[in-house]
Amino acid sequence: MPALDVQKLRKDFPNLNLKVYGKPLVYLDNAATTFKPQYVVDAISNHYAHGASNVHRGVHFLSEQATKAYEDSRQTVKVFLNAKSTQEIIFTRGTTESINLVAQSFGRTFFKEGDEILISAMEHHSNIVPWQILCQQIGCTLKVAPMNQKGELLYEEFVRLLTPKTRLVAMVYVSNSLGTINPIARVIKEAHSRNIPVLVDGAQAVTHHPVDVQALDCDFFAFSGHKIFGPTGIGVLYGKQQFLESMPPYQGGGDMIASVSFAKTTYNVLPYKFEAGTPAIAEVIGLNAAIKYVQAIGLENMAAYKKELLFYGTNILCSVPGVRLIGTAREKTSILSFVVEGIHPHDLGTIVDEDGVAIRTGHHCTQPVMEFFKVPATARASLAFYNTKEEIDILVKAIYRAKEIFK
Amino acid sequence: MRDELYQQTILEHNRNPRNFRKLEGATHVAEGYNPLCGDHLWVYVKVNPVGTIEDAAFEGSGCAISKASASMMTASLKGKSIAEAKVLFEEFHKLVIGELKPDEHSNHLGKLTVFSGIWQYPARVKCASLSWHTMHGALEKAKTVSTE
């Protein structure tokens with residue numbers, strides 16, 4: 001496997017040259033959002049400067065070009081996830097909207113009072129709240145598979161919670177606040193042995209390793225463009241065709257119809273049935289560029305390098321007196337959540353920010369996880385392939401400075 | 001560069017918060033919660049029959065800014081009337097959003113002006129104001145105050 005030339009690749013990201021308070025930016029908040037390579041920025045601005053037109057509408061030259069670019073992106077996503085068909089790729093606003101779509105279209109149509117939806121204890125709010133809303137609407141129940149003190153799914157407990165009433169398992173592949181990689185293939189197999197479909201929240205997973213939805217055999221898979229070096233406001237819902245065919249539209253409007261009269265409207269075919277209104281065309285084009293950028297470098301190459309960073313970061317953080325890692329799963333991604341004795345994460349965040357270090361502090365949209373570990377919040381350094389050991393050293397130095405202030 | 005946020009006074013109040021206890025016989029109590037950062041506190045105020053704040057205290061957990069702010073607030077409330085406490089609340093509120101400049105506008109803030117630079121840290125303004133909103137809520141007889 002070729003080693004990454006990180007210094008060369010960093011030049012692709014204009015944001016990495018930023019200075020904050022006169023200091024070079026050290027960006028360690030990649031689980032919140034990743035920076036965009038110039039290649040992606042150019043794809044978006046080229047669309048607006050030279051091609052902006054609506055899709056699936058006009059017969060004129062620009063509209064045909066925009067439609068082609070839009071559909072090219074769907075093809076790229078199809079290959080990226082190894083879906084069977086582009087009809088299974090729905091463009092949404094992001095992971096959150098993808099999950100809401102499944103809850104409201106699939107869940108609301110096919111689940112009934114007393115049915116159960118099973119999630120895990122480490123879900124992001126976006127894979128909790130849509131199900132709670134559904135539960136309130138139709139009277140089903142949300143069940144939660146617990147985790148251990150390392151932040152690993154308690155697999156036997158998960159299996160025990162699969163009952164004849166379980167209608168869906170909705171689980172995060174990679175935890176955004178702990179870094180845990182869940183044994184998702186095993187989870188899917190277990191659920192399928194009881195004919196229970198599985199939705200995978202893949203927001204953090206897509207930058208970690210290649211995803212093959214056919215090999216996983218998941219029924220739904222959701223991710224966001226902005227976590228994989230693409231634009232915000234664009235995401236994907238993959239769904240198996242037979243499920244998507246059976247589901248009613250999520251939103252009504254233009255593009256999702258075949259014909260409309262005041263008496264009766266017939267819906268468009270997949271995937272357009274689920275894409276009401278003018279879509280985020282520039283963002284879809286930007287997502288295409290982002291995925292191509294990632295594919296050119298290779299997710300495996302990125303993963304191998306990030307594993308090194310994680311190992312380095314884990315060791316050096318643990319060597320700082322008073323630092324406790326939150327999330328120490330055996331299988332984890334390059335996410336380092338931690339607390340420092342005697343310093344509230346928000347104070348730490350503000351102090352390291354003065355040294356140019358951007359980390360996330362708070363509950364990371366996973367309040368139940370914070371409650372489980374009995375911390376109000378954590379500090380989180382989440383590493384991308386463009387981060388370096390030197391940057392981790394700057395973070396550690398900044399933590400020592402905070403300790404000095406708070407001693 | 002922004003003003004230094006972690007001034008000695010703030011660090012000292014964080015280390016040794018004043019009136020950090022449950023106040024028996026409190027006439028006004030409210031719970032304050034900032035779900036965004038997890039800061040969570042209770043503010044107790046004891047007002048005597050002639051309307052003077054005899055004692056004030058707080059309990060809970062939060063960052064250094066919220067703790068120091070609550071500590072200094074409880075210290076400054078003692079001996080004030082409810083009307084004076086409300087004036088102080090208004091002034092502090094204006095201070096932390098940068099609308100009141102202690103050098104230019106007359107005020108009753110005293111030591112509390114140590115928070116005058118916090119408007120330059122927009123993400124931290126709510127840390128400083130949580131205890132104040134909670135105190136105000138207590139005086140208004142609200143039970144729970146949330147700054148989200």
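- No more than 12 heavy-atom neighbours from other residues, nucleotides or ligands sit within 6.0 angstrom of CZ on A:Arg93.
- A 6.0 Å sphere centred on NE2 of B:His93 holds no more than 12 heavy atoms belonging to other residues, nucleotides or ligands.
- Around CD of A:Glu341, the count of heavy atoms belonging to other residues, nucleotides or ligands within 6.0 Å does not exceed 12.
- Put simply, CG on A:Asp347 and CG on B:Leu5 are 8.0 Å apart, with the number rounded to the nearest 0.5 Å.
- Interface residues of residues 95-105 of chain B toward chain A, defined by a heavy-atom distance below 4.5 Å: none.
- Counted within 6.0 Å of NZ on B:Lys94, heavy atoms from surrounding residues, nucleotides or ligands total 12 or fewer; the atom is thus considered open.
- Note on residues 367-383 of chain A: pairs passing salt bridge (Lys or Arg N to Asp or Glu O under 4.0 Å), not counting sequence neighbours, are A:Asp29-A:Arg380.
- For the atom pair A:Ile405 CD1 and B:Asn14 CG, the distance stands at 12.0 Å (nearest 0.5 Å).
- Other residues, nucleotides and ligands contribute over 12 non-hydrogen atoms within 6.0 Å of the NZ atom of B:Lys86.
- Rounding to the nearest 0.5 Å gives a distance of 4.5 Å between OH of B:Tyr121 and CD of A:Glu354.
- By a heavy-atom distance cut of under 4.5 Å, B:Gly62, B:Cys63, B:Ala64, B:Ile65 are the residues of residues 48-72 of chain B near chain A, going up by number.
- In this view, A:Phe35 and A:Tyr27 satisfy the ring pair (Phe, Tyr, Trp, His ring centres under 6.0 Å) rule, not counting sequence neighbours.
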